[in-house]
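I have placed the structure first, in the form of structure tokens, so that the comments after it can refer back to it.
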Amino acid sequence: MSAPDTGDLVERIRDALRIIIDPELGSNVVDLGLIYDVEALEGGVVRVTMTTTVKGCPATGFLKEAVQNCVWYVPGVEYAEVRLTYEPPWTPDRMTAATA
């Protein structure tokens with residue numbers, strides 16, 4: 001996959017992830033800043049690094065599974081891996097202006 005192709009795939013994934021709504025905050029995971037990184041690799045392999053608003057968030061399992069399932073359905077994705085991290089910790093500063 002060439003660099004323009006991977007960039008397009010990353011953008012389509014970010015757009016698709018906007019359908020996932022954090023049940024506590026009522027906004028999508030992209031605009032909340034919960035998606036730290038989307039990386040498209042050779043062969044349609046995609047790695048997403050994400051967080052939740054706090055460690056121990058009761059929606060963690062739901063959000064991680066929803067992100068993985070959503071990414072799988074984007075055309076061009078052959079494998080989706082979702083990694084959860086709390087470094088750096090999430091703060092409201094990560095939210096986009098549309099959400100804030």
Side-chain angles (χ1 to χ4, degrees):
M1 193 175 291
S2 69
D5 292 340
T6 60
D8 178 58
L9 180 58
V10 166
E11 195 58 38
R12 288 187 289 125
I13 290 167
R14 284 192 176 278
D15 287 343
L17 289 173
R18 286 189 163 83
I19 68 166
I20 301 171
I21 305 299
D22 181 290
E24 294 175 320
L25 298 177
S27 293
N28 73 71
V29 296
V30 174
D31 292 343
L32 285 172
L34 299 179
I35 304 299
Y36 282 2
D37 187 46
V38 178
E39 182 181 17
L41 306 169
E42 285 291 319
V45 174
V46 174
R47 292 188 183 136
V48 177
T49 303
M50 66 173 291
T51 194
T52 57
T53 54
V54 294
K55 280 186 178 181
C57 172
T60 299
F62 161 78
L63 291 171
K64 187 175 177 187
E65 184 177 335
V67 166
Q68 184 165 17
N69 288 337
C70 182
V71 172
W72 271 102
Y73 283 101
V74 174
V77 174
E78 298 297 324
Y79 178 78
E81 177 184 305
V82 178
R83 186 176 76 94
L84 192 64
T85 186
Y86 293 99
E87 294 299 325
W90 181 87
T91 65
D93 295 341
R94 296 191 62 84
M95 296 171 25
T96 64
T99 306

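When a residue number appears, it is its place in the shown sequence, counting from 1.
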So salt bridge (Lys or Arg N to Asp or Glu O under 4.0 Å) across residues 12-24, not counting sequence neighbours, yields D8-R12, D15-R18, R18-D31
Interatomic distance, CD1@I19 vs CG@N28, rounded to 0.5 Å, equals 10.0 Å
How long is the straight-line distance from CE of M50 back to CG of L17, given to the nearest 0.5 Å? 9.0 Å
OG1 (T51) and CG (L32) are apart, to the nearest 0.5 Å, by 11.5 Å
Minimal heavy-atom distance between L9 and A40, with the atoms involved, is CD2-CB, 3.9 Å
Residues that E81 engages under side chain to side chain contact (heavy atoms under 4.5 Å, CB included), provided they are two or more places apart: R47, Y79
Keeping Y36 on the side-chain end and P88 on the backbone end, is there a donor-acceptor pair under 3.5 Å? yes
Answer yes or no: is there a donor N or O on one side and an acceptor on the other, between the side chain of T49 and the main chain of R83, under 3.5 Å? no
Could you list the donor-acceptor pairs under 3.5 angstrom formed between side-chain atoms of residues 56-70 and any protein atom two or more places apart in sequence or on another chain?
residue: T60; atom: OG1; partner: C57; partner atom: O; Å: 2.8
residue: Q68; atom: NE2; partner: A80; partner atom: O; Å: 2.9
residue: N69; atom: ND2; partner: E65; partner atom: O; Å: 3.4

Locate the shortest heavy-atom distance separating T52 from Y86; write the atom from each residue and the value. OG1-OH, 2.9 Å
Consider only side-chain heavy atoms of I, L, V, M, F, W and Y, link residues closer than 4.5 Å, and tell whether W72 and L41 are in one cluster. yes
